[in-house]
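A short write-up of the structure that comes next.
All heavy atoms count here, side chains included; hydrogens, waters and symmetry mates do not.
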Amino acid sequence: MASITFKNRPTQVLHTYQVWRIGSNVDDKSLDYCLADKSLDKFHASLTRGEKGLFLVNESRHGSVAVNGERVGGPVFITYRDAINGIVKLRFGRVEGYLRVSGSLTG
């Protein structure tokens, strides 16, 4: 199982092969998470759940994406092994999110 949470937002379960688009453009209805923060690009990142992990892609030209405090520039494969006490800390610009993952991401 995998789910993502941002401050003051409801937790969302990530289903297998589901793609989540994260950005700051309030007019873009294709975004799954629109986070009102100037540190984010209009389309900042995408997160796709696969059978054995999650693919995080920094889609931003100027903004930052970090996994457990380490900035990433290209695609990153995240598994339960990246979790600390079941949580992977994500950061999009200045916005922090929490990715909860279990030992089995299948199903």
Side-chain angles (χ1 to χ4, degrees):
M1 184 175 133
S3 63
I4 190 166
T5 304
F6 291 96
K7 185 176 182 179
N8 299 322
R9 303 292 292 267
T11 298
Q12 297 289 325
V13 174
L14 302 167
H15 300 284
T16 305
Y17 304 118
Q18 184 176 17
V19 178
W20 285 84
R21 295 169 41 94
I22 300 161
S24 65
N25 186 354
V26 295
D27 296 321
D28 187 347
K29 302 303 178 200
S30 71
L31 293 176
D32 298 289
Y33 271 108
C34 182
L35 305 166
D37 191 285
K38 293 182 190 261
S39 67
L40 272 72
D41 281 350
K42 290 180 179 184
F43 174 40
H44 200 88
S46 63
L47 183 65
T48 305
R49 180 176 168 197
E51 290 182 13
K52 298 184 181 191
L54 297 111
F55 294 94
L56 175 63
V57 179
N58 182 353
E59 307 281 359
S60 172
R61 290 186 180 168
H62 307 290
S64 66
V65 174
V67 176
N68 288 333
E70 292 187 36
R71 288 181 73 163
V72 297
V76 175
F77 187 62
I78 300 170
T79 69
Y80 72 95
R81 290 184 179 99
D82 296 304
I84 301 167
N85 296 323
I87 297 175
V88 177
K89 289 184 182 179
L90 302 177
R91 182 174 291 277
F92 305 95
R94 292 186 305 258
V95 178
E96 193 166 88
Y98 299 95
L99 183 63
R100 297 180 196 285
V101 295
S102 66
S104 172
L105 286 175
T106 58

Tracing side-chain links under 4.5 Å among I, L, V, M, F, W and Y, which residues wind up in one group with Tyr17?
-> none
Do Val57 and Val67 share a hydrophobic cluster, counting only Ile, Leu, Val, Met, Phe, Trp and Tyr and linking them when any side-chain heavy atoms are less than 4.5 Å apart?
-> no
Is it true that Val72 and Ile22 fall in one hydrophobic cluster, defined by side-chain heavy atoms closer than 4.5 Å?
-> yes
List the atom pairs, with distances to 0.1 Å, where a side-chain N or O of residues 7-14 and a protein N or O form a donor-acceptor pair under 3.5 Å, not counting sequence neighbours.
unit_1: Arg9; atom_1: NH1; unit_2: Cys34; atom_2: O; d: 3.0
unit_1: Thr11; atom_1: OG1; unit_2: Thr5; atom_2: OG1; d: 2.7

When rounded to the nearest 0.5 angstrom, what distance separates [atom1] in [X] from [atom2] in [Y]?
| X | Y | atom1 | atom2 | value |
| --- | --- | --- | --- | --- |
| Trp20 | His15 | CH2 | NE2 | 8.0 Å |
| Arg21 | Thr48 | CZ | OG1 | 10.5 Å |
| Leu40 | Asn25 | CG | CG | 11.5 Å |

Test of understanding: with side chain to side chain donor-acceptor pair (under 3.5 Å), list the residues that count as partners of [X], not counting sequence neighbours.
| X | answer |
| --- | --- |
| Ser24 | none |
| Asn58 | none |
| Asp28 | Ser30 |
| Ser46 | Glu59 |

Sequence neighbours excluded and cut-off under 3.5 Å, please list the side-chain donor-acceptor pairs for residues 83-96, or say none.
unit_1: Arg91; atom_1: NH1; unit_2: Arg94; atom_2: O; d: 3.0
unit_1: Arg91; atom_1: NH2; unit_2: Glu96; atom_2: OE2; d: 2.8
unit_1: Arg94; atom_1: NH2; unit_2: Asp37; atom_2: OD1; d: 3.2
unit_1: Glu96; atom_1: OE1; unit_2: Tyr98; atom_2: OH; d: 2.4

Pairs satisfying salt bridge (charged side-chain N to carboxylate O under 4.0 Å, His left out), at least one member in residues 65-87, at least two apart | none
Side-chain heavy atoms of Val76 within contact of Ile78, under 4.5 Å | yes
Knowing that exactly one of Val101, Leu54, Ile4 qualifies, which makes a side chain to side chain contact (heavy atoms under 4.5 Å, CB included) with Arg49?
-> Leu54
Which pairs, with at least one residue in residues 36-71 and sequence neighbours excluded, count as a ring pair (Phe, Tyr, Trp, His ring centres under 6.0 Å)?
-> Phe55-Phe77
